[in-house]
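To start, the structure under review is shown below, and the notes come after it.
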Protein chains: 2
Amino acid sequence: MKAELSPRQKGMLEFMREFMEEHQFPPTVRDIQAGCNISSTSVVDYNLRILQNRGYLRRFADVSRGIELLGSSRPGRDVVRVPIMGNIAAGEPLPIPGSDTWHSGEMETVDLPPFLTKGKEHVFALKVKGTSMIDALIADGDLVLLEPASRASGGEMVAARLHENNEVTLKHFFIENGMVRLQPANPLMDPIFVRADQVSVQGKVVGVVRSV
Amino acid sequence: MKAELSPRQKGMLEFMREFMEEHQFPPTVRDIQAGCNISSTSVVDYNLRILQNRGYLRRFADVSRGIELLGSSRPGRDVVRVPIMGNIAAGEPLPIPGSDTWHSGEMETVDLPPFLTKGKEHVFALKVKGTSMIDALIADGDLVLLEPASRASGGEMVAARLHENNEVTLKHFFIENGMVRLQPANPLMDPIFVRADQVSVQGKVVGVVRSV
DNA sequence: CAGCCTGGCGCACGTATGTTCTGTAAAAGA
DNA sequence: TCTTTTACAGAACATACGTGCGCCAGGCTG
């Protein structure tokens, strides 16, 4: 089977994407025919069939506009809605979501590409206030994405609360013979060592988003 | 006009949203009829008409599945497709897009929430290799979002090429009596001063995305 | 009560739309 | 050369689907 797409097939794909941008339903066979200057509906059907076999789309038999665009070039659709639970700042407790606080209704949210949350459930976002996270390569105004967790395995970036001064900090988490090592993401900075009962994990960091 | 929606109308709205999650085309009148246990298509049409008048949706006459859901609960839609033009690493030139290289066809892309690009045109992304951008609070593997530019005004974060060693670096850009000051985002680190003809701006940084 | 809304029902009509059948012509094998 | 495959054309067919019409049951109002 040939790997290349004919120019007509490429044109049809592009037209279908543009069409779905404008309306939010797929075009009919005759829409494609008119939009791509094709003289017969059977030609559209013919090429649609090919595009389907190559995995560019799926068709539903006997369903009007029954075309489902597949593959990488499908805009929209794959976004994950993540709630912004509040702020994170030095010296303040982390607003961890209880299962009760989980109405996404009327809470501020962001739509993010799924590669940032990678299937993790209950990911939430916090807005960073201040520069106290700078050793985690996180600046003022950044959005950190967290996954609720109370334990962590070696090397994961976590939001850790130090009982001593009740501060929350973002560090890489290691356990080394009974002690916890909190390693800043910036290799130029020194790690912190604390007793395991003097630190508690509040969540795992799954991503950071910065808008300048 | 009554403000409340009848339970049947709410059910129809919910059904339509669920339907569009599953497929990516709107349901027909008869789909809604079956999905909401309504005994006649005309009832569906009747309530659809009401929902349209209240601004919950738009309908296209004589078009199968010609229903366009409006309002806040429309996920997807607002995403910006940004091409990933390549890598950015210390000592390597920046792959700046020419207008010829602008076919989004067959190029790797990411869908991002629009607050990251904020209306800027031709934004593109580069994947950071290595830790050379660490003074800009950018880690290995981060995705930096750039807007093509050859000039910058005071304080903007730019991708600047130093002619001396032909390195590209991300810094805040300032002009101070004929000299250019490149200020790292990390306030603990010292700025670089160079002659204006010894540096060229390659683009403005508009955002950073990190997936851990 | 007659009128007149609202909300619902069933049906049938017409068109919008997917599908298929019959050809044609150029390219590709053999 | 003959055959096969690819790509397209045109038309007819079958059905998916929106829409309009008539009707009915309650709840008002005069």
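To find a chain, count down the sequence lines: A is the first, B the second, and so on, and within it residues start at 1.
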| query | Taking OP1 and OP2 of C:dA16, is either one under 4.0 Å from a side-chain nitrogen or oxygen of A:Thr28? | reply | no
| request: Write down the distance between CZ (B:Phe25) and C1' (D:dC17), rounded to a whole number of angstrom. | output: 14 Å
| request: Please state how far atom CG in B:Asn37 lies from atom P in C:dG10, giving the value in whole angstrom units. | output: 13 Å
| message | Keeping A:Arg210 on the side-chain end and B:Leu137 on the backbone end, is there a donor-acceptor pair under 3.5 Å? | response | yes
| Are any of the side-chain heavy atoms of A:Ile32 and A:Leu48 separated by less than 4.5 Å? | yes
| query | Once you round it to whole Å, what is the distance between C1' of D:dA9 and CD1 of A:Ile38? | reply | 12 Å
| Hey, is the side chain of A:Arg8 poking within less than 4.0 Å of OP1 or OP2 on D:dC8, counting only N and O atoms? | yes
| field | Rounded distance (Å) that lies between atom C1' of D:dA7 and atom CG of A:Leu5 | value | 14 Å
| field | Interatomic distance, B:Leu51 CG vs D:dG18 P [rounded to whole Å] | value | 15 Å
| said: Please classify the nucleic acid contact of A:Asn47 as base, sugar-phosphate, or nothing, using heavy-atom distances under 4.0 Å. | reply: sugar-phosphate
| request: Produce a footprint string for nucleotides 19-24 of chain C: one letter per nucleotide, 5' end first; B if the base is under 4.0 Å from any protein heavy atom, S if only the sugar-phosphate is, - if neither. | output: BB----
| Atom of A:Gly66, atom of B:Phe25 and distance for their closest heavy-atom approach | CA-CE2, 3.9 Å
| task | Using whole Å, report how far CZ of B:Arg65 lies from C1' of C:dG18. | result | 11 Å
| field | Gap between atoms CG and P, on A:Asp31 and C:dT15 respectively (whole Å) | value | 18 Å
| field | Phosphate OP1/OP2 of D:dC8 contacted by A:Tyr46 side-chain N/O (<4.0 Å) | value | no
| query | OP1 or OP2 of D:dA16 sitting under 4.0 Å from any side-chain N/O of A:Ser64? | reply | no
| query | Is the distance from OP1 or OP2 of D:dA9 to the nearest side-chain N or O of A:Ser39 less than 4.0 Å? | reply | yes
| said: Please find the pair of heavy atoms, one from B:His172 and one from B:Gly155, that lie closest to each other, and give the distance. | reply: ND1-O, 3.0 Å
| task | Send over the distance from A:Leu48 CG to C:dG18 P, rounded to a whole Å. | result | 9 Å
| said: Less than 4.5 Å apart, side chain to side chain, heavy atoms only: is that true for B:Arg65 and A:Val63? | reply: yes
| Given A:Asp31 and A:Thr28, is the side-chain hydrogen bond (donor to acceptor under 3.5 Å, both in side chains) satisfied, shown in steps? | CA-CA 5 Å; A:Asp31 286 334; A:Thr28 68; 3.2 Å; yes
| message | Taking CD in B:Gln198 as the centre, count heavy atoms belonging to other residues, nucleotides or ligands within less than 6.0 Å. Is the count above 12? | response | yes
